[in-house]
Amino acid sequence: MATPTASAAPAAPAPSPTPVPAATVDDARSFALTQIGAAQFSCLDALWQHESDWDPSAENPTSGAYGIAQALPATRMASIGEDWMSNPITQVSWGLEYIAGRYGTACNAWSFWRARYPHWY
């Protein structure tokens with residue numbers, strides 16, 4: 001007579017990773033401030049208030065510029081992260097790199113923006 005074998009209990013499902021909350025616009029603004037300091041942040045804040053109102057989904061219907069920093073083409077932000085369409089921190093990171101490379105400082109970018117009409121940087 002064969003001895004009954006114990007059936008293996010089904011494996012417990014792996015615990016779900018704790019979801020990471022999405023970054024908010026306030027997080028993005030705080031991040032930018034820590035990256036460039038208060039004096040430069042005042043210029044950056046004014047610039048991006050005018051460009052996108054810090055809206056990570058802002059899109060210029062004429063040019064297609066997108067995001068907080070109004071990247072053109074928008075896909076340029078993919079150099080920072082795959083989540084460039086929705087993550088304000090990724091967008092700010094890209095925007096700060098763009099400004100540093102092209103203008104040196106946020107205040108220089110803001111001055112450039114103010115000197116042109118229609119405004120752009």
Side-chain angles (χ1 to χ4, degrees):
M1 174 175 197
T3 42
T5 57
S7 61
S16 304
T18 304
V20 177
T24 67
V25 172
D26 287 339
D27 295 334
R29 290 170 64 100
S30 295
F31 173 74
L33 175 61
T34 64
Q35 297 302 300
I36 63 173
Q40 289 296 314
F41 182 78
S42 64
C43 295
L44 182 73
D45 188 44
L47 176 64
W48 287 352
Q49 282 287 345
H50 284 282
E51 285 290 300
S52 66
D53 197 26
W54 287 84
D55 180 354
S57 62
E59 186 170 1
N60 182 311
T62 305
S63 69
Y66 185 83
I68 293 170
Q70 290 291 282
L72 184 62
T75 56
R76 292 171 77 182
M77 291 187 285
S79 65
I80 299 296
E82 293 178 3
D83 60 352
W84 62 269
M85 286 188 77
S86 60
N87 188 334
I89 301 290
T90 300
Q91 292 183 12
V92 166
S93 295
W94 180 86
L96 293 176
E97 282 189 11
Y98 171 76
I99 287 170
R102 182 163 179 145
Y103 302 101
T105 69
C107 289
N108 289 346
W110 175 230
S111 292
F112 183 93
W113 186 92
R114 289 183 317 189
R116 277 147 193 79
Y117 189 84
H119 300 294
W120 62 276
Y121 76 108

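Everything quoted here is computed from the prediction, not taken from an experiment.
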TODO: Drop me the distance from M77's CE to T90's OG1, to the nearest 0.5 angstrom.
DONE: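 M77 atom CE to T90 atom OG1 measures 9.0 Å (nearest 0.5 Å).
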Open item on the list: When you compare the side chains of D83 and S86, does any donor N or O come within less than 3.5 Å of an acceptor on the partner?
Closed with: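 S86 and D83 do not have a side-chain donor-acceptor pair below 3.5 Å.
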Give the minimum heavy-atom separation between [X] and [Y], together with the two atoms involved.
X: A106; Y: I36; answer: CB-CD1, 4.2 Å
X: P56; Y: V25; answer: CD-CG2, 3.7 Å
X: L44; Y: L96; answer: CD2-CD2, 3.8 Å
X: V92; Y: A32; answer: CG1-CB, 3.7 Å
X: H50; Y: A46; answer: CD2-O, 3.0 Å

TODO: Just say parallel, tilted or perpendicular for the rings of Y117 and H119, cut-offs at 30° and 60°.
DONE: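 Because their plane-to-plane angle is over 60°, the rings of Y117 and H119 count as perpendicular.
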TODO: Measure the acute angle between the ring planes of F41 and W54, then classify it against the limits of 30° and 60° as parallel, tilted or perpendicular.
DONE: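 The arrangement is tilted - the two ring planes meet at 30° to 60°.
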- [ ] Using the rule that two of Ile, Leu, Val, Met, Phe, Trp, Tyr join whenever any of their side-chain heavy atoms come within less than 4.5 Å, decide whether I68 and L72 are in one cluster.
- [x]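 No, separate clusters.
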Open item on the list: When you measure from the centre of the six-membered ring of F112, is the NZ or CZ of R116 closer than 6.0 Å and no more than 45° off the axis?
Closed with: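 Yes, R116 and F112 form such a contact.
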Open item on the list: Working note: S42 + W110, criterion side chain to side chain contact (heavy atoms under 4.5 Å, CB included); need CA distance, chi angles, decisive distance, verdict.
Closed with: CA-CA 10 Å; S42 64; W110 175 230; over 6 Å; no
Using a 4.5 Å cut-off on heavy atoms from C-beta on, say whether the side chain of [Y] contacts that of [X].
X: W94; Y: W84; value: no
X: D27; Y: P88; value: no
X: Y66; Y: S57; value: yes
X: L47; Y: Y103; value: no

Spell out, as yes or no, whether a donor-acceptor pair under 3.5 Å connects the side chain of [X] to the backbone of [Y].
X: E51; Y: Q70; answer: no
X: D53; Y: D55; answer: no
X: Y121; Y: A69; answer: yes
X: Q91; Y: G67; answer: no

Open item on the list: More than 12 heavy atoms of other residues, nucleotides or ligands under 6.0 Å from CD of Q49: yes or no?
Closed with: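 Yes - once you tally the heavy atoms of other residues, nucleotides and ligands closer than 6.0 Å, there are more than 12.
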TODO: Please lay out, stage by stage, how I99 and W48 fare under the test side chain to side chain contact (heavy atoms under 4.5 Å, CB included).
DONE: CA-CA 12 Å; I99 287 170; W48 287 352; 3.9 Å; yes
